[in-house]
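Written out below as structure tokens is the structure these notes cover.
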Amino acid sequence: MALKIRKRDGLDAMQLQHWLRAVENDEAPTIRDPQTQEVTVLPVPLARSDGDGLTFTLSKSGTASWILRYRYGGRVRELTLGNYPDLGLAAARKIAREKRVEIDQGGDPAADKRRSLSMALKDWTVRRLIEDYREKILADLGKSTQSGYGRNLLRIENRLGALAVSQVSSMDIVELIEHVDAPWNESRMLLSTTRMLFRHAAGRKLVPANPCAGIELAALLGRRPPVRLRLMLSEAELKILFSAEMNRENCLAVRLLLGTAGRLSASLASCARILSRCLPICIANSF
């Protein structure tokens with residue numbers, strides 16, 4: 001009589017594909033009982049065991065992962081093996097078997113992974129941090145903010161770029177501000193940019209605390225200069241301005257700015273819009 005090979009009591013590859021597809025299509029994943037053929041709707045987030053601690057998880061957003069659960073020192077540990085479908089069922093089982101061998105020999109693979117990640121993050125330089133900040137934070141800010149922050153990020157990179165993020169101290173930030181030696185408002189923008197940069201570092205757990213904390217610009221540069229209240233030129237200043245030697249283009253630009261009381265970019269944009277509407281009419285009337 002032929003021996004029957006007992007099928008592994010665990011997950012099925014086709015089943016996993018069905019669950020992932022269902023969630024991606026905003027549908028509920030289901031499972032069918034092989035004996036009664038009864039279909040059961042599964043809750044999401046989903047966690048299904050494959051046996052021996054290997055668990056398949058699926059979030060509402062459609063992110064699927066493999067988790068290995070085990071005990072170490074009397075406590076439950078979890079180790080993320082990888083994402084599905086990048087890591088298939090067979091590959092996940094193979095890695096889980098290897099990790100269980102380490103556990104049986106007294107190892108703690110979850111703790112080892114945390115230490116490895118921590119060491120990798122400690123190797124980040126300020127230059128690498130700035131690249132990450134530009135990609136993940138700065139790109140979503142307004143153009144004017146990007147311009148101001150971008151200018152100061154270059155100053156930070158030139159002075160601190162080679163340092164390890166974890167080694168930057170408050171003294172380094174103070175030295176940066178004193179070295180740049182910018183006017184009060186520009187120094188304030190530099191400190192603000194540096195504070196936001198290391199806030200990003202703290203969010204990534206690259207530093208335990210923001211090294212900009214507690215730094216007061218008034219203590220470094222003195223009190224902020226009073227804001228100039230006069231918003232218009234005197235008659236004498238206007239005479240000096242109009243009598244100054246300048247080419248025709250600059251002269252027209254100055255008169256345009258004074259006449260519209262606006263910024264050059266806004267004035268030029270308005271002129272461009274007017275020309276775009278009037279030019280076709282002028283061309284049509286010339287024929």
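Nothing here was measured: the structure is a model prediction, and the numbers come from that model.
- At least one side-chain heavy atom of N185 sits under 4.5 Å from a side-chain heavy atom of R224.
- Between the side chain of S49 and the backbone N or O of G51, at least one donor-acceptor pair lies under 3.5 Å.
- Under a hydrophobic-cluster definition in which Ile, Leu, Val, Met, Phe, Trp and Tyr are linked whenever side-chain heavy atoms come within less than 4.5 Å, directly or via other members, W124 and V126 are assigned to the same cluster.
- Residue T125 comes nearest to A162 through the heavy atom pair CG2-O, 4.1 Å, listed as atom of the first residue, atom of the second, then distance.
- A donor-acceptor contact shorter than 3.5 Å is absent between the side chain of Y70 and the backbone of L79.
- For R127 and E131, the salt-bridge test fails: no basic side-chain N is under 4.0 Å from an acidic carboxylate O.
- Taking every heavy atom of both residues into account, D172 and V168 meet most closely at OD2-CA, 3.5 Å.
- Linking ILVMFWY residues whenever their side-chain heavy atoms come closer than 4.5 Å, directly or via other members, places I103 and Y72 in the same cluster.
- Heavy atoms only, all atoms of each residue included: S59 and V23 are closest at O-CG1, 3.6 Å.
- One N or O on the side chain of W66 and one on the backbone of L87 form a donor-acceptor pair closer than 3.5 Å.
- Environment of CZ in R134: crowded, with over 12 heavy atoms of neighbouring residues, nucleotides or ligands closer than 6.0 Å.
- Around atom CD of Q37, more than 12 heavy atoms belonging to other residues, nucleotides or ligands sit under 6.0 Å away.
- A distance of 10.0 Å separates CG in L58 from OH in Y84, rounded to the nearest 0.5 Å.
- By the rule that hydrophobic residues join a cluster once side-chain heavy atoms approach within less than 4.5 Å of another member, L217 and V174 end up as members of one cluster.
- If you take CG on D12 and CG on L89, they are separated by 8.0 Å, rounding to the nearest 0.5 Å.
- A donor-acceptor distance shorter than 3.5 angstrom exists from the side chain of W19 to the backbone of T30, with no hydrogens or angles considered.
- Looking at R48 and L42, their side chains come closer than 4.5 Å, going by heavy atoms from C-beta outward.
- Criterion: ILVMFWY side-chain heavy atoms under 4.5 Å apart, direct or through other members. Under it, I177 and L163 are part of a common hydrophobic cluster.
- Ion pairing between a basic and an acidic side chain is recognised when a charged N comes within 4.0 Å of a carboxylate O; E24 and R21 show no such pairing.
- With rounding to the nearest 0.5 Å, the separation of CD1 in I67 from OG1 in T80 is 3.5 Å.
- T57 is not listed as a side-chain neighbour of P45, based on a closest heavy-atom distance of 4.5 Å or more.
- Under 3.5 Å, the side chains of R155 and N158 contain no donor-acceptor pair of N or O atoms.
- With contacts defined as side-chain heavy-atom distances shorter than 4.5 Å, the pair L206/F198 does not qualify.
- Ring geometry, Y149 versus Y133: the interplanar angle falls under 30°, so the pair is classed parallel (tilted spans 30 to 60°).
- Residue I173 holds its CD1 atom at 5.5 Å from CG of L160, rounded to the nearest 0.5 Å.
- Under a hydrophobic-cluster definition in which Ile, Leu, Val, Met, Phe, Trp and Tyr are linked whenever side-chain heavy atoms come within less than 4.5 Å, directly or via other members, L220 and L191 are assigned to the same cluster.
- Listed here is the closest heavy atom pair of V41 and A28: CG1-CB, 3.6 Å.
- Proximity of a side-chain donor or acceptor of N152 to a complementary backbone N or O of T194 within less than 3.5 Å is not detected.
- The closest donor-acceptor contact from the side chain of D132 to the backbone of L129 lies at 3.5 Å or more, if one exists at all.
- Counting heavy atoms from C-beta outward, I156 and L190 have side chains that approach closer than 4.5 Å.
- With hydrogens and angles ignored, the 3.5 Å screen pairs a side-chain donor or acceptor of N210 with a backbone N or O of C212.
- Checking side-chain atoms of T193 against main-chain N and O of M189 turns up a donor-acceptor pair under 3.5 Å.
- Between the side chain of S147 and the backbone N or O of K143 there is no donor-acceptor pair closer than 3.5 Å.
- Of the possible donor and acceptor atoms, one in the side chain of S170 sits under 3.5 Å from a partner among the backbone N and O of P211.
- Nearest approach of K99 to P109, heavy atoms of both residues: CD-CB, 4.1 Å.
- Residues R97 and D52 are not in side-chain contact: their nearest non-hydrogen atoms beyond the backbone lie 4.5 Å or more apart.
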